[in-house]
Amino acid sequence: MSEAERPKVGVGVVIHDGAGNIIMGERAGSHGAGTFQCPGGHLEYGESFAETAARESLEETGLEIGNIKLLVATNDVFGEGKHYVTIFVTAEITGKNKVAQVSYTDTVKAMEPHKCAKWEWIPWSQMWTWAGEQAKAEKEGTEVKKQMFLPLVNLWREYPEL
């Protein structure tokens, strides 16, 4: 097996508000484009899961997070020939800014609008319903209106009681 064929490690960040809502956005420009996702990205050499979660959340949403806790992992084999192990963590917003952004207006540092056009608060129960509907539709060979990113669907498949 070549190095390129080895699974990669991604960290998915479930940023919650303590009232049952999480931050989600639509993926753009990469595998899974057009699907709904949580913030996250690749684990870099030497980083902890919490460090990756904090870095990716700040890069993608402009939000500073804390109280980061390991949730669970999924094994995600994408149709595009990509294989990821996704480490899910939960986190809360700890910084002054409470609104996820697509781009900064006052600084030089750009967010990542080419990866996600907008972020919004979605009730966890709604996301969970969408993930379950998609898992069932894929099993039956039918379509769904709201496409979820594969790791979230696999999260539902492996832990439907979550």
Side-chain angles (χ1 to χ4, degrees), residues 4-43 49 52-63 65 67-93 98-103 110-162:
E5 294 172 313
R6 291 191 183 279
K8 294 176 177 50
V9 178
V11 176
V13 189
V14 180
I15 302 173
H16 63 90
D17 65 1
N21 301 301
I22 63 171
I23 293 177
M24 298 193 77
E26 186 177 324
R27 290 181 67 83
S30 184
H31 64 284
T35 61
F36 229 41
Q37 68 169 358
C38 292
H42 291 106
L43 179 72
F49 301 145
T52 300
R55 175 182 53 77
E56 288 287 352
S57 294
L58 185 61
E59 287 174 4
E60 292 182 2
T61 69
L63 298 172
I65 60 170
N67 196 22
I68 301 166
K69 296 180 182 176
L70 178 65
L71 181 60
V72 72
T74 58
N75 186 37
D76 308 306
V77 180
F78 292 83
E80 299 92 1
K82 295 184 179 193
H83 184 177
Y84 279 82
V85 173
T86 304
I87 308 298
F88 282 96
V89 300
T90 62
E92 299 171 353
I93 298 171
K98 306 294 183 197
V99 179
Q101 301 174 28
V102 174
S103 62
M111 305 303 290
E112 297 178 328
H114 59 287
K115 292 183 179 179
C116 182
K118 69 175 183 173
W119 296 100
E120 57 188 290
W121 289 99
I122 302 291
W124 170 269
S125 59
Q126 180 62 72
M127 182 281 296
W128 206 239
T129 297
W130 289 334
E133 287 172 352
Q134 184 169 337
K136 291 172 187 171
E138 287 176 3
K139 189 175 182 179
E140 297 168 357
T142 60
E143 296 289 321
V144 291
K145 292 180 185 176
K146 185 64 93 173
Q147 289 285 318
M148 305 299 291
F149 191 43
L150 178 62
L152 290 169
V153 177
N154 284 343
L155 183 64
W156 187 92
R157 285 183 181 116
E158 295 175 30
Y159 307 96
E161 72 286 351
L162 197 65

Heavy-atom donor-acceptor pair, Trp119 side chain to Cys38 backbone, under 3.5 Å: no
Indicate every side-chain donor-acceptor pair of residues 5-12 with a distance under 3.5 Å to a residue at least two apart or in another chain.
unit_1	atom_1	unit_2	atom_2	d
Glu5	OE1	Ser2	N	2.8
Glu5	OE1	Ser2	OG	3.4
Arg6	NE	Glu3	OE1	3.3

- prompt: Would Ile87 and Leu70 count as a side chain to side chain contact (heavy atoms under 4.5 Å, CB included) if you check the C-alpha gap in whole Å, the side-chain angles of each, and the deciding distance to 0.1 Å?
  reply: CA-CA 8 Å; Ile87 308 298; Leu70 178 65; 3.5 Å; yes
message: Determine whether the aromatic ring centres of residues Phe49 and Phe88 are separated by less than 6.0 angstrom.
response: no
statement: Taken in chain and number order and not counting sequence neighbours, the residues that satisfy side chain to side chain contact (heavy atoms under 4.5 Å, CB included) with Lys136 are Trp156
- request: Report the C-alpha distance between Ile15 and Ile93 in whole Å, list the side-chain angles of each, state the deciding distance to 0.1 Å, and finish with yes or no for side chain to side chain contact (heavy atoms under 4.5 Å, CB included).
  value: CA-CA 7 Å; Ile15 302 173; Ile93 298 171; 3.8 Å; yes
- prompt: With side chains defined as the heavy atoms from C-beta onward, is the minimum distance between Thr90 and His16 less than 4.5 Å?
  reply: yes
message: How close do Ile68 and Ala91 get, counting heavy atoms only, and between which atoms?
response: CG1-CB, 3.9 Å
- prompt: Hey, what do you get for CG (Leu63) to CD (Glu92), rounding to the nearest 0.5 Å?
  reply: 13.0 Å
query: Is there a side-chain contact between Val85 and Asp76 (heavy atoms, below 4.5 Å)?
result: no
- request: Over all heavy atoms of both residues, which pair between Met24 and Leu152 is shortest? Give the atoms and the distance, please.
  value: CE-CD1, 3.6 Å
field: Met127 side, atom CE; Lys146 side, atom NZ - distance, nearest 0.5 Å
entry: 12.5 Å
Nearest heavy-atom neighbours spanning Val153 and Met148: CG2-CB, 3.7 Å
task: Check whether any side-chain heavy atom of Phe36 sits under 4.5 Å from a side-chain heavy atom of Gln134, and report yes or no.
output: no
message: Within the 4.5 Å heavy-atom criterion, are Lys69 and Val89 side-chain neighbours or not?
response: no
message: Any heavy-atom pair between the side chains of Glu56 and Pro39 that's under 4.5 Å?
response: no
- request: Calculate, to the nearest 0.5 Å, the distance between atoms CH2 and OG1 belonging to Trp124 and Thr129 respectively.
  value: 11.0 Å
- prompt: In Å and rounded to the nearest 0.5 Å, what is the CG to CG distance from Leu150 to Asn75?
  reply: 9.5 Å
query: Below 4.0 angstrom, N of the basic side chain to O of the carboxylate: do Arg157 and Glu138 qualify?
result: yes
- request: Considering non-hydrogen atoms only, spot the tightest contact between Tyr84 and His42 and give its length.
  value: OH-NE2, 2.7 Å
message: So Leu155 and Val72, do their side chains get closer than 4.5 Å, heavy atoms only?
response: yes
- prompt: CD/Gln126 to CD1/Ile22 distance, rounded to the nearest 0.5 angstrom?
  reply: 10.5 Å
- line: Note: Val13 and Ser57 closest approach over all heavy atoms is CG1-OG, 3.6 Å
message: Tell me the closest heavy-atom pair linking Gly41 and Thr52, and the distance in Å.
response: O-CG2, 4.1 Å
